[in-house]
Protein chains: 2
Amino acid sequence: MATDQSCPVCRTAEIVCGKWTLLLVKELAEGNSRFCELERQLTGISPRTLSLRLRALEEEGIVARHTYPEVPPRVEYVLTSKGLALVPLIEDMRVYGSQWLGDECAAETAAVLGSDPALGSDQVLGSDPALAEVAA
Amino acid sequence: MATDQSCPVCRTAEIVCGKWTLLLVKELAEGNSRFCELERQLTGISPRTLSLRLRALEEEGIVARHTYPEVPPRVEYVLTSKGLALVPLIEDMRVYGSQWLGDECAAETAAVLGSDPALGSDQVLGSDPALAEVAA
DNA sequence: CGTCGCGCTTCACGAACTGAAGTAGGGCGG
DNA sequence: CCGCCCTACTTCAGTTCGTGAAGCGCGACG
């Protein structure tokens with residue numbers, strides 16, 4: 001709030017600095033769209049925080065919320081194009097994390113690639129079907 | 001802390017999610033290295049937070065602290081290569097901020113480019129002398 | 001002698017986030 | 001038919017994170 005509004009980095013930082021925001025965008029980019037799905041993927045998030053974050057992002061125009069008045073009531077959250085524009089940032093974070101932060105994941109992923117492709121999902125963001133879908 | 005350690009994005013997020021972290025790295029990348037310099041650039045940060053953040057980043061190996069036992073005692077903070085690797089992220093944030101977040105800065109910057117180059121300093125990060133210096 | 005700048009630390013306060021529980025409506029197992 | 005699970009949340013109390021103001025030791029400047 002006290003940050004310099006004339007600087008685009010600061011404006012982005014204000015959106016992005018929330019603890020779960022980027023992780024949440026990542027999950028949405030990977031195609032998870034329902035509340036409890038996100039809650040399960042983001043191990044440790046409290047439903048309150050998830051709810052708050054989703055609402056905030058919705059207000060920012062980064063996610064869109066679709067309520068289906070079915071039984072059981074289904075709610076889906078999707079990234080808007082403004083939200084999708086954050087994906088390169090997440091890609092950079094993945095690169096940074098792999099390169100500089102003890103990368104048990106890379107080893108694990110490499111081992112997994114031959115046996116269980118399902119677990120490799122978070123390292124193919126660049127070719128994620130959800131992205132192609134929204135980009136089209 | 002509760003985040004999935006097997007995911008590089010999560011590991012990066014834990015470093016990056018602090019409110020001022022990225023802004024601080026940005027200032028350091030632009031060549032500001034002294035405590036009070038950073039304090040002035042990051043309008044609104046409390047010295048306590050700055051101190052805490054610098055210490056945390058030092059522990060992470062992202063900044064290096066150099067104390068010169070001169071009169072007056074001077075302290076300089078510089079990005080390590082691990083810290084410099086965060087710069088692309090900041091670049092992405094600048095791009096995002098310019099493209100999607102009400103960009104008074106771009107107009108301002110464009111106007112400034114012809115009249116007062118000093119104020120344009122934060123948009124030439126890619127060719128900042130500090131970067132070339134540390135990369136060399 | 002008083003005030004300034006530097007590089008912090010301390011303190012009290014508020015905002016953000018957590019963890020556990022509750023809610024409302026329905027499904028499904030025993 | 002009873003109780004437990006599922007979805008999508010909300011509520012509450014408690015912890016952690018960040019703020020704003022003040023202070024401190026030191027030397028310089030006026």
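Proteins come first, then strands; the chains are lettered A, B, ... in the order of their sequence lines, and each starts at number 1. Any value given below was found using the heavy atoms of this structure, including those in side chains, with hydrogens, waters and symmetry copies removed.
Atom-to-atom, CD of B:Glu76 to C1' of C:dC8 comes out at 16 Å; the value is rounded to the nearest Å. For the pair A:Glu58 CD and D:dA8 C1', the interatomic distance rounds to 14 Å; values are reported in whole Å. B:His66 places its NE2 atom 14 Å from the P atom of C:dG7, with the value rounded to the nearest Å. Distance, A:Phe35 CZ to D:dT10 P: 8 Å, rounded to whole Å. With rounding to whole Å, B:Leu38 atom CG is found 13 Å from C:dC6 atom C1'. For the pair A:Leu50 CG and D:dA8 P, the interatomic distance rounds to 10 Å; values are reported in whole Å. Look at CG on B:Leu24: it is 12 Å from P on D:dG18, rounded to the nearest Å. Spacing between atom CG of B:Leu54 and atom P of C:dG7 amounts to 11 Å, rounded to whole angstrom units.
For the atom pair OG1 of B:Thr80 and CD of B:Glu60, the computed distance is 10.5 Å after rounding to the nearest 0.5 Å.
Within 3.5 Å, no donor on the side chain of A:Arg74 pairs with an acceptor on the base of D:dT7, nor the reverse. At a cut-off of 3.5 angstrom, the base of D:dT11 holds no donor-acceptor pair with the side chain of A:Arg48.
Considering only side-chain N and O atoms, A:Trp20 lies nowhere under 4.0 angstrom from the phosphate OP1 or OP2 of C:dA16. Residue B:Ser46 has no polar side-chain atom (N or O) positioned under 4.0 Å from OP1 or OP2 of D:dG18. A close approach under 4.0 Å does not occur between any side-chain nitrogen or oxygen of B:Ser51 and OP1 or OP2 of C:dC8. For C:dA16, neither phosphate oxygen OP1 nor OP2 lies less than 4.0 angstrom from any side-chain nitrogen or oxygen of B:Lys19. Contact between the side-chain N/O atoms of A:Arg55 and the OP1/OP2 oxygens of D:dT10 is found at a separation under 4.0 Å. At the phosphate of C:dC6, neither OP1 nor OP2 sits under 4.0 Å from any side-chain N or O atom of B:Tyr68.
Under a hydrophobic-cluster definition in which Ile, Leu, Val, Met, Phe, Trp and Tyr are linked whenever side-chain heavy atoms come within less than 4.5 Å, directly or via other members, A:Val95 and A:Val16 are assigned to different clusters.
Closest to the B:Arg40 side chain, of the nucleotides C:dT18, C:dC6, D:dT7, is C:dC6. Checking C:dC17, D:dT10, C:dC8 against every side-chain atom of A:Arg53, the shortest atom distance belongs to C:dC17. Nearest to the side chain of B:Tyr77, among D:dG18, D:dA8, C:dC8, sits C:dC8.
Using a 4.5 Å heavy-atom cutoff, the side chains of A:Pro47 and A:Phe35 are in contact.
Mapped onto DNA chain D by nearest heavy atom, B:Cys17 and A:Pro47 fall at different nucleotides, with A:Pro47 at the one closer to the 5' end.
Taking 4.0 Å as the cut-off between side-chain N and carboxylate O, A:Arg11 and A:Glu14 do not count as a salt-bridged pair.
Across B:Val63 and B:Leu54, no two heavy atoms sit closer than the pair CG2-O, 3.8 Å.
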